[in-house]
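Notes to accompany the following structure.
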Amino acid sequence: MKTIKQIRLIYFIVSILLAVFAALAFVFITINGRVYPMDLAAESNLKSLIIVLALAGIPASYMFHNRKVKHINPDLSAEAKLQQYRMAYFIKIMTLEGISLLSLLGYLMTGSLNQLMIFGLVYLFLLLNYPRKTSILEELTIDPNEL
């Protein structure tokens with residue numbers, strides 16, 4: 001049970017800090033404009049890079065997580081399974097968080113709302129990954145009575 005609380009704590013910290021950073025970035029851009037003026041080619045390259053990272057990173061985080069969970073030994077104790085799950089979940093959330101931060105940095109540099117929309121898309125995926133106790137136990141095939 002302690003491990004599930006740790007997973008939720010990680011989730012909430014990342015979610016809240018990203019939301020705060022996005023709000024601060026939006027206010028900053030609204031007041032001051034973009035941080036780093038770029039020529040059109042460099043700005044286009046940065047936008048394309050972040051889009052490609054988002055399109056590759058989101059599925060990669062899910063695939064890595066699913067692969068790690070499938071390789072958890074079913075004979076382990078419930079707590080050992082949860083600890084291994086925590087690491088897989090942490091990597092998944094950190095991948096989504098990294099892409100979110102890159103899109104927010106791109107937004108700060110370019111002032112382009114497209115970058116903010118990419119952040120919103122990745123943040124939505126992050127929000128959809130709320131660590132519900134029932135779904136974690138079901139994914140790991142752990143009986144709730146084992147906790």
Might you point out which heavy atoms bring [X] and [Y] nearest each other, and give the distance in Å?
X: Ser15; Y: Tyr123; answer: O-OH, 2.8 Å
X: Ile99; Y: Ile58; answer: CD1-N, 3.9 Å
X: Gly106; Y: Ile50; answer: CA-CD1, 3.8 Å
X: Lys81; Y: Leu140; answer: NZ-O, 3.5 Å

ask   = For Gln115 and Thr110, what are the C-alpha separation, side-chain angles and deciding distance, and is it a side chain to side chain donor-acceptor pair (under 3.5 Å)?
value = CA-CA 8 Å; Gln115 299 300 308; Thr110 64; 5.3 Å; no
Sequence-distant partners of [X], side chain to side chain donor-acceptor pair (under 3.5 Å), two or more places apart:
X: Glu138; answer: none
X: Thr95; answer: none
X: Tyr85; answer: Glu139

key: Pairs involving residues 82-91, ordered by first then second residue, that meet salt bridge (Lys or Arg N to Asp or Glu O under 4.0 Å) (sequence neighbours left out)   = none
ask   = How would you list all residue pairs meeting salt bridge (Lys or Arg N to Asp or Glu O under 4.0 Å) that involve residues 66-77, not counting sequence neighbours?
value = none
key: Residues that, via side-chain heavy atoms closer than 4.5 angstrom, fall in one hydrophobic cluster with Leu40   = none
ask   = Mind checking who shares a hydrophobic cluster with Leu102, ILVMFWY linked at side-chain heavy-atom distances under 4.5 Å?
value =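 Via sub-4.5 Å side-chain contacts, Leu102 links to Leu49, Leu53.
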request  = Decide yes or no on side chain to side chain contact (heavy atoms under 4.5 Å, CB included) for Met94 and Val14, but give the supporting numbers first.
outcome  = CA-CA 8 Å; Met94 289 301 112; Val14 169; 3.3 Å; yes
Heavy-atom distance under 4.5 Å between the side chains of [X] and [Y], does that happen here?
X: Val122; Y: Ser103; value: no
X: Ile91; Y: His65; value: no
X: Glu97; Y: Leu126; value: no
X: Leu104; Y: Leu116; value: yes

Grouping I, L, V, M, F, W and Y whenever their side-chain heavy atoms are under 4.5 Å apart, do [X] and [Y] come out in a common cluster?
X: Phe12; Y: Ile136; value: yes
X: Leu127; Y: Phe119; value: yes
X: Met38; Y: Ile118; value: yes

key: Polar side-chain atom of Arg34 near backbone of Ile29 as donor-acceptor pair, under 3.5 Å   =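 No, because the side chain of Arg34 does not come within donor-acceptor range (under 3.5 Å) of the backbone of Ile29.
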ask   = Of Leu17, Ile16, Ile10, which is the lone residue that meets side chain to side chain contact (heavy atoms under 4.5 Å, CB included) with Ile13?
value =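 Of all the options given, the one that passes is Leu17.
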For [X], all residues meeting ring-ring contact (aromatic ring centres under 6.0 Å, His included), sequence neighbours excluded:
X: Phe21; result: none
X: Tyr107; result: none
X: Tyr11; result: Tyr130

inquiry  = Suppose we screen for salt bridge (Lys or Arg N to Asp or Glu O under 4.0 Å). Which residues come up paired with Lys47, at least two apart in sequence or across chains?
reply    =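 Applying salt bridge (Lys or Arg N to Asp or Glu O under 4.0 Å) to Lys47 gives Glu43.
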inquiry  = Please tell me whether Asn129 and Tyr62 have a donor and an acceptor in their side chains that are separated by less than 3.5 angstrom.
reply    = yes
message = Please evaluate residues His71 and Gln84 with respect to the criterion side chain to side chain contact (heavy atoms under 4.5 Å, CB included), reporting the C-alpha separation (whole Å), side-chain torsions for both, the decisive distance (0.1 Å), and the verdict.
response = CA-CA 10 Å; His71 285 87; Gln84 288 187 9; over 6 Å; no
task = Check step by step if side chain to side chain contact (heavy atoms under 4.5 Å, CB included) holds for Val35 and Phe28.
result = CA-CA 9 Å; Val35 174; Phe28 182 86; 3.4 Å; yes
ask   = With sequence neighbours excluded, what pairs up with Ala80 under the side-chain contact (heavy atoms from CB on, under 4.5 Å) test?
value =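 So Ala80 forms a side-chain contact (heavy atoms from CB on, under 4.5 Å) with Leu76, Ser77.
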